[in-house]
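Right, one structure below, let's go through it.
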Amino acid sequence: MDTRPLPVHYSRRAALRHSATHPRGLPPGARRPDPDTPPPMTGAPVVPVILIHGTNGRSSCDWYTLAPLLANDGRDVYPFDWRRARPGPDGTATHRHALELAAFIDTVRATTGATQVDVVGHSWGAVLAHYLVRCLPAEPAAGAVRSVIGLAPTYGGTTLHGLLRHPHRLPAGLRRWLDAKIPTWQEQLPGSEVLTAIRNAPPAPAVRFTTIVTRYDQMVTPYTASLAAAPHATQVVLQQRTRRPVIGHLGILHHPASLSHVLTALPPIHPHQPA
């Protein structure tokens with residue numbers, strides 16, 4: 001077995017090249033869960049890390065830098081790809097995606113033998129995890145989540161610099177395009193049904209939350225909305241921790257300053273190992 005560390009490229013451009021070649025593939029160091037493969041029988045299981053991309057994201061690109069970093073740290077990495085579920089009589093699109101996430105987590109647990117998982121989510125991907133642990137407490141997977149780390153999460157929603165402040169005023173053609181391409185777009189507006197449900201849900205005291213944001217976020221506007229919407233989380237504003245790095249909403253996925261905080265925020269690899 002090759003035990004050499006995987007190369008890590010802090011580059012969005014390199015990530016896009018990898019994704020163009022492997023659009024439905026995995027980022028380096030990541031795995032797919034396989035419940036038909038029995039879990040290892042020796043030693044304490046490592047707590048797996050679930051990676052959840054943001055709206056219209058792709059795991060092969062978005063986790064191109066973080067996945068090998070985590071693998072080199074001894075973590076088992078499983079990206080969750082969600083696409084375009086639409087709202088229906090059974091709930092919002094986010095609710096349906098959260099149920100898919102719960103099933104994925106259960107499959108990872110069956111694959112690895114682990115009882116808990118850690119989750120890293122970008123943008124609306126972090127909201128999916130937040131919704132699962134806060135609004136779906138009956139799901140076994142919700143109780144299995146040990147920590148949620150949000151990278152530029154949209155916990156407070158976004159108006160895109162005010163462009164979506166009055167969605168009913170948008171041209172009908174644009175609304176139809178958004179409904180087709182981004183079915184969750186109205187759920188991502190401040191005060192939406194989904195964000196209100198999370199805000200009013202009981203807390204999840206057993207889950208460790210960390211929010212990592214950048215002042216230069218082009219999508220989460222204002223960036224402080226994510227902090228105000230999750231006051232219970234450990235909060236990291238990158239420009240307060242590092243020499244004012246200019247990091248945007250997508251750049252946060254590949255910058256060493258933000259990803260070093262992810263590694264720091266993750267609990268120990270083994271479930272009962274002291275922090």
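One is the number of the first residue; the rest follow in order along the sequence.
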Can any side-chain N or O of [X] pair as donor or acceptor with the backbone N or O of [Y] at less than 3.5 Å?
X	Y	answer
Gln239	Arg215	yes
Thr154	Gly157	no
Ser60	His22	yes
Asp73	Arg75	no
Arg109	Thr115	yes
Asp81	Ser59	yes
Thr196	Glu193	no
Glu187	Ala93	yes
Thr214	Tyr216	yes
Arg134	Ala201	yes

Measuring from Phe104:CZ to Leu132:CG, what's the distance to the nearest 0.5 Å?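 So the CZ of Phe104 and the CG of Leu132 are separated by 13.0 Å.
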Quick one: CG on Asn56 to OG on Ser123, what's the gap to the nearest 0.5 Å?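 Here the rounded value is 10.0 Å.
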With a 4.5 Å cut-off on side-chain heavy atoms, are [Y] and [X] touching?
X	Y	result
Pro153	Thr211	yes
Leu238	Val213	no
Ile149	Ile212	yes
Tyr78	Thr112	yes
Val127	Tyr155	yes
Leu69	Trp63	no
Val49	Leu51	yes
Pro7	Pro68	no

Indicate every side-chain donor-acceptor pair of residues 227-235 with a distance under 3.5 Å to a residue at least two apart or in another chain.
unit_1: Gln235; atom_1: NE2; unit_2: Leu227; atom_2: O; d: 2.9
unit_1: Gln235; atom_1: NE2; unit_2: Ala230; atom_2: O; d: 3.4

[X] and [Y]: aromatic ring centres closer than 6.0 Å?
X	Y	answer
Tyr10	His254	no
His130	Phe209	yes
Trp82	His53	yes
His122	His249	yes

What orientation do Tyr64 and His9 show, parallel under 30°, tilted 30 to 60°, or perpendicular over 60°?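 Ring orientation, 0 to 90° scale: parallel.
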side-chain contact (heavy atoms from CB on, under 4.5 Å) between Thr65 and Leu259, worked out: CA-CA 9 Å; Thr65 305; Leu259 300 187; 3.5 Å; yes
Polar contact flag, side-chain donor to acceptor under 3.5 angstrom, Thr111-Asp34: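 Note: Thr111 and Asp34 side chains miss the donor-acceptor criterion.
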Does the side chain of Gln188 pick up a donor-acceptor pair with the side chain of Thr55 at under 3.5 Å?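 Their side chains do contain a donor-acceptor pair, which is all the 3.5 Å distance test asks for.
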Qualifying salt bridge (charged side-chain N to carboxylate O under 4.0 Å, His left out) pairs with a residue from residues 51-69, counting only residues at least two apart or across chains: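 Output for this query lists Arg12-Asp62.
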Please walk me through it: do Val46 and His270 pass side-chain contact (heavy atoms from CB on, under 4.5 Å)? CA-CA 5 Å; Val46 170; His270 297 290; 3.9 Å; yes
Single-linkage hydrophobic cluster Tyr223~Val236, side-chain heavy atoms < 4.5 angstrom: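 No, Tyr223 does not connect to Val236 through the hydrophobic network.
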Kindly work out whether a path of hydrophobic side-chain contacts (I/L/V/M/F/W/Y, heavy atoms less than 4.5 Å apart) joins Tyr131 to Leu99.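 Looking at the clustering, Leu99 is in the same group as Tyr131.
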For Cys61 and His18, run side-chain contact (heavy atoms from CB on, under 4.5 Å): C-alpha distance rounded to whole Å, both residues' side-chain angles, the deciding distance at 0.1 Å, then the answer. CA-CA 7 Å; Cys61 175; His18 173 82; over 6 Å; no
Measure across Val207 and Val145 and return the closest heavy-atom pair with its distance rounded to 0.1 Å.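 Heavy atoms of Val207 and Val145 come nearest at CG2-O, 3.5 Å.
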Checking side-chain contact (heavy atoms from CB on, under 4.5 Å) for the pair Cys135/Ile198: CA distance, chi angles, key distance, verdict? CA-CA 6 Å; Cys135 300; Ile198 295 174; 4.0 Å; yes
Name the one of Thr107, Ile105, Ile50, Val119 that satisfies side-chain contact (heavy atoms from CB on, under 4.5 Å) with Phe80?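 That would be Ile50.
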